[in-house]
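Lettering of chains follows the sequences in order, A, B, ..., and the numbering in each one begins at 1.
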2 protein chains.
Amino acid sequence: MTRWLDEDEQRTWRRFLTATQLINEALDRQLQRDANMPHAYYVILVRLSEAPGRAMRMSELAAQAQSSQSRLSHAVARLEERGWVRRERSAADRRGNVAVLTEEGYAALAAAAHGHVEEVRRTLFDVLEPEQVRELDEICAAVVSAAGGHVSPAGGNTLAR
Amino acid sequence: MTRWLDEDEQRTWRRFLTATQLINEALDRQLQRDANMPHAYYVILVRLSEAPGRAMRMSELAAQAQSSQSRLSHAVARLEERGWVRRERSAADRRGNVAVLTEEGYAALAAAAHGHVEEVRRTLFDVLEPEQVRELDEICAAVVSAAGGHVSPAGGNTLAR
DNA sequence: ACTAAGTATATGAGAGTTCAACTAGATTGA
DNA sequence: TCAATCTAGTTGAACTCTCATATACTTAGT
């Protein structure tokens, strides 16, 4: 039989959907408006910027940006058109491609970072108590590990996003 | 100056993105695979099914399904093609349209509900302690109210989603 | 070596979303 | 009452995402 959600669970579930959607929409709108890129592209640029040499294999980049390979491929194609990323055939494995963040790409990311972080604070961290932030962290960790996902750690020289 | 995220905040933020994305992807894949609809359509059907007469004004439906009017309009157009929803000109305000859930639409929703709820449990509720669910509820409530959003309560005869 | 299977990535079509018009009906106020 | 304005909803274009498929290179097995 179906284990339906009880009243409390349903309220939580709907709140969860609403909250996460509000945050995502806020991020997307802010980035689109101020930096002309969707959030997914921002994440790609961030990951590239943190990689050694600002370069990474496509498949590795896809994993770190939590993107399908197909989505990443399309996205990098667009980023390449803008001159923000360049693709180079991998020497070691000639099937592979390495995406390289260009100077223009880094500049675009740097220009976008401030407004983005502000938005993240505005929509999430500023509205929570420090203890709630800790709780959220544990909750998300539980969800991620149950789903078999993994969170790539932030790089050192990161434009903290 | 930019208030960058510190190390803990960054970890939490990346976990949050990963977790919410994993959940959304799981829901979308499950519904697409088993019921041939994206999650957004499911939400629309749920809201309609809970409305008196299984009917609602487009703008009200958009608000409750957290959708832009444009998105809703496109979505309802597709749902209409499938025979799951019907549109009627509103008598009171002749600019307005009323979306009505058809019997076929209700049947499609009923058929999809079990698998969907299971997926919600699998990805979220089953992996959290009861206390964490309460904490998550409060966290989401804070985010929603800060963002000026609102969560429509569940209807009475709901296919609890 | 050669073939079968596997891996890395790209590509194209189909579908959903966003944004900016656009239509049509309702309101307001002089 | 009539023009200006507002509101409800739709539409089309541009863009992103997904899924299935194709391409090219690599690895395993014999």
Student: Does the pair A/Arg121/A/Glu118 count as a salt bridge with the N-to-O cut at 4.0 Å?
Tutor: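 No, this pair does not count.
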
Student: Same cluster or not: are B/Val98 and B/Leu101 linked, directly or through other Ile, Leu, Val, Met, Phe, Trp or Tyr residues, by side-chain heavy atoms under 4.5 angstrom apart?
Tutor: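 B/Val98 and B/Leu101: separate clusters.
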
Student: Between A/Ser67 and A/Ala62 (side chain of the first, backbone of the second, donor and acceptor by atom type, cut-off under 3.5 Å), is there such a pair?
Tutor: no

Student: Can you see if the side chain of B/Arg87 gets near the phosphate of D/dG9 - specifically, an N or O under 4.0 Å from OP1 or OP2?
Tutor: no

Student: Let me know the distance between CG of B/Leu61 and P of D/dG9, rounded to the nearest Å.
Tutor: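 Computing the B/Leu61:CG to D/dG9:P distance gives 10 Å.
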
Student: Select base, sugar-phosphate, or nothing to describe what A/Ser59 touches, counting heavy atoms under 4.0 Å on all strands.
Tutor: sugar-phosphate

Student: I'd like to know if the side chain of B/Glu80 reaches the main chain of B/Arg87, judged simply by a donor and an acceptor atom lying under 3.5 Å from each other, with no hydrogens or angles considered.
Tutor: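 Judged by distance alone, yes, a pair lies under 3.5 Å.
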
Student: Return the polar atom pairs (N/O with N/O) between nucleotides 13-19 of chain C and the protein under 3.5 Å, or none.
Tutor:
residue	atom	partner	partner atom	Å
C/dG16	OP1	B/Tyr41	OH	3.3
C/dG16	OP2	B/Arg78	NH1	3.0
C/dT18	O4	B/His74	NE2	3.2
C/dC19	N4	B/Ser70	OG	2.5

Student: For B/Val46, is there any backbone N or O sitting under 3.5 Å from a side-chain donor or acceptor partner on B/Ser49?
Tutor: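 A pair under 3.5 Å: yes.
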
Student: Check for a donor-acceptor pair, side chain of B/Asp28 on one end and backbone N or O of B/His39 on the other, with a separation under 3.5 Å.
Tutor: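 A pair under 3.5 Å: yes.
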
Student: Taking salt bridge (Lys or Arg N to Asp or Glu O under 4.0 Å) as the definition, give me every residue that meets it alongside B/Glu103, ordered by chain and number, with sequence neighbours left out.
Tutor: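 Salt bridge (Lys or Arg N to Asp or Glu O under 4.0 Å) list for B/Glu103, sorted by chain: B/Arg54.
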
Student: Tell me which of A/Gln69 and B/Ala91 sits closer to the 5' end of DNA chain C, going by the nucleotide each one is nearest to.
Tutor: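 Its nearest nucleotide being more 5', the pick is A/Gln69.
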
Student: Could you go through nucleotides 3-5 of chain D and list every protein N or O atom that sits under 3.5 Å from one of its N or O atoms, giving the distance for each pair?
Tutor:
none

Student: Considering only nitrogen or oxygen atoms on both sides, find all protein atoms under 3.5 Å from nucleotides 22-25 of chain C and state each distance.
Tutor:
residue	atom	partner	partner atom	Å
C/dG25	N2	B/Arg95	NH1	3.0

Student: List in chain and number order the residues that pass salt bridge (Lys or Arg N to Asp or Glu O under 4.0 Å) with B/Glu104, two or more places apart in sequence or in another chain; answer none if no residue qualifies.
Tutor: none

Student: Could you check whether A/Gln66 and B/Thr18, counting side-chain N and O atoms only, form a donor-acceptor pair closer than 3.5 Å?
Tutor: yes

Student: Could you tell me the separation between the CD atom of A/Gln66 and the P atom of D/dT18, rounded to a whole number of Å?
Tutor: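 It is 12 Å, rounded to the nearest whole Å.
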
Student: Between A/Asp137 (side chain only) and A/Val133 (backbone N and O only), is there a donor and an acceptor less than 3.5 Å apart?
Tutor: no

Student: Would you say A/Asn97 places a side-chain N or O within less than 4.0 Å of OP1 or OP2 belonging to C/dA8?
Tutor: no

Student: Give me each pair satisfying salt bridge (Lys or Arg N to Asp or Glu O under 4.0 Å) with a member in residues 123-134 of chain B, each pair once, sequence neighbours excluded.
Tutor: A/Arg3-B/Asp126

